[in-house]
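One structure is given here, and the rest of the page talks about it.
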Protein chains: 2
Amino acid sequence: MDNAAPQSPAGLSTTATWLLNQSASHAARLLSEGFAAHDLRGYHYRLLATLAEDGPASQADLGRRCGIDRSDVVAAINDLAGRGLVVRAPDPADRRRNVISATDAGADEARRMGATLERVQADLLAPLSATEREQLTRLLTRLLRHHSGH
Amino acid sequence: MDNAAPQSPAGLSTTATWLLNQSASHAARLLSEGFAAHDLRGYHYRLLATLAEDGPASQADLGRRCGIDRSDVVAAINDLAGRGLVVRAPDPADRRRNVISATDAGADEARRMGATLERVQADLLAPLSATEREQLTRLLTRLLRHHSGH
DNA sequence: GGTGTTACGTTGGTGACTCCAACGTTGGCG
DNA sequence: CGCCAACGTTGGAGTCACCAACGTAACACC
């Protein structure tokens, strides 16, 4: 018959780490599905959005701002550049660096993906009231702030 | 100099999906480091804890309860069985099934890993008060409950 | 009582995300 | 000049999650 509730790992279901993991996993799945329509992934959006909002930056800087490893930035920027969403140019002031800039098409795509993100977000947070959403973001922000200032 | 704050993806830093992802990522990293001392991973703990708390079960049942794919359960149970933490026996009542049971050593390991989990959890939730922790788990539980009964 | 459907365990593979080690190049500093 | 740090790049690893397919076994239905 294969009944039984799908999710309920005994005593785990009350632990914050489990809940965080499951929630994030669910969010990531929704987001991944949403981004798939753009034929891009999470890394691409983070980079594109950062470029569109904060302007051109070096790859190392992008990695730092997006929380992506330098080596992973290379591949993602390769993808984006291959689609003309981004331009890679050597920095005349520092020949070690590449200056990455979003093209107009890149900025457009960033906007479209941003809209997708908001749709997913609304779906994800549907069961929570506005106050609760604010509560959640506040708690998580505190959590992260504490652990990044280690 | 390579200065600049490590984490702050522009407008992303206020989105729930980003915060969830980062928090969970951080939690997973802490947990992974903690479990590494046992030379086991998250899958192993989920299975072992479920077995220790709920008693023997078939692999498919375990997968369902732990949110792990059947095919991934196979490998994890192989690992656990190889260490004598778990026993795999054919179910006489249904020859399709294997009945998985935790050995005494397995139950011990589950307890030890549980202790590790609690340590990590305390570390993770350090910046939050007891009330806030309860708030967080409540919000996340609501979130998950809503999306699993979809 | 045969037939089709379903569940089971297993194998093998894919993809996203995160991280690490190493190399050659370039810039900055003492 | 010599040393060290940062840069981009390559290559690899590991965890988690998911999917497709197979053969076997149980079950439901006619």
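Proteins get letters first, then strands, A, B, ... in listed order; numbering begins at 1 in each. Keep in mind that this is a model prediction, so the values were computed, not measured.
Between A:E134 and A:T131, every side-chain heavy-atom pair lies at or beyond the 4.5 Å cut-off. Contact of the B:L40 side chain with the B:L85 side chain is registered, since non-hydrogen atoms from C-beta on lie closer than 4.5 Å.
A salt bridge does not link B:R83 to B:E109: none of the charged nitrogens lies less than 4.0 Å from a carboxylate oxygen.
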Run the side chain to side chain contact (heavy atoms under 4.5 Å, CB included) check on B:L19 and A:T141 step by step: do they pass?
CA-CA 7 Å; B:L19 294 170; A:T141 302; 3.7 Å; yes
Derivation of the side chain to side chain contact (heavy atoms under 4.5 Å, CB included) call for B:V86 and B:L48
CA-CA 8 Å; B:V86 132; B:L48 216 43; 3.9 Å; yes
When you look at A:L124 and B:L20, which way does the side chain to side chain contact (heavy atoms under 4.5 Å, CB included) test go after all the steps?
CA-CA 11 Å; A:L124 181 74; B:L20 268 177; 3.9 Å; yes
One pair to check against side chain to side chain contact (heavy atoms under 4.5 Å, CB included): B:T17 and A:L30. What are the steps and the verdict?
CA-CA 10 Å; B:T17 50; A:L30 287 178; over 6 Å; no
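Rounded to whole Å, atom C1' of C:dG9 lies 14 Å from atom CG of B:D61. Atom-to-atom, CD of A:Q59 to P of C:dT26 comes out at 15 Å; the value is rounded to the nearest Å. Atom CZ in A:R64 sits about 17 Å away from atom C1' in C:dC19, given to the nearest Å. Separating the CZ atom of B:R97 from the P atom of D:dG23 is a distance of 22 Å, rounded to the nearest angstrom. Between the CG atom of B:N78 and the P atom of C:dG9 there is a distance of 12 Å, rounded to whole Å. When the C1' atom of C:dT18 is taken as reference, atom CG of B:L31 falls 15 Å away, rounded to whole Å.
Remark: B:R88 is not in phosphate contact with C:dC8, judged by side-chain N or O atoms under 4.0 Å from OP1 or OP2. Of the side-chain N and O atoms in B:N98, one or more sit less than 4.0 angstrom from OP1 or OP2 of C:dT10.
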Classify every nucleotide of nucleotides 15-22 of chain D by which part a protein heavy atom approaches to under 4.0 Å, writing B for the base, S for the sugar-phosphate alone and - for neither, in 5'-to-3' order.
SSBBB---
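Few gaps surround CD on B:E33; more than 12 heavy atoms of other groups in view lie less than 6.0 Å from it.
Remark: nothing in residues 109-118 of chain A comes within less than 4.0 Å of DNA chain D through any heavy atom.
B:V73 and B:G63 make their closest contact through CG2-CA, 3.6 Å (heavy atoms, listed as atom of the first residue, atom of the second, distance). Among all heavy-atom pairs drawn from A:G84 and A:T103, the shortest one is O-OG1, 2.6 Å.
A single hydrophobic cluster is seen to contain both A:L117 and A:L128, as judged by linkage of ILVMFWY side chains at heavy-atom distances under 4.5 Å, directly or through other members.
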Report, one pair per line, the protein and nucleotides 24-26 of chain D atoms (nitrogen or oxygen only) whose separation is under 3.5 Å.
unit_1, atom_1, unit_2, atom_2, d
D:dA26, OP1, B:R95, N, 2.7

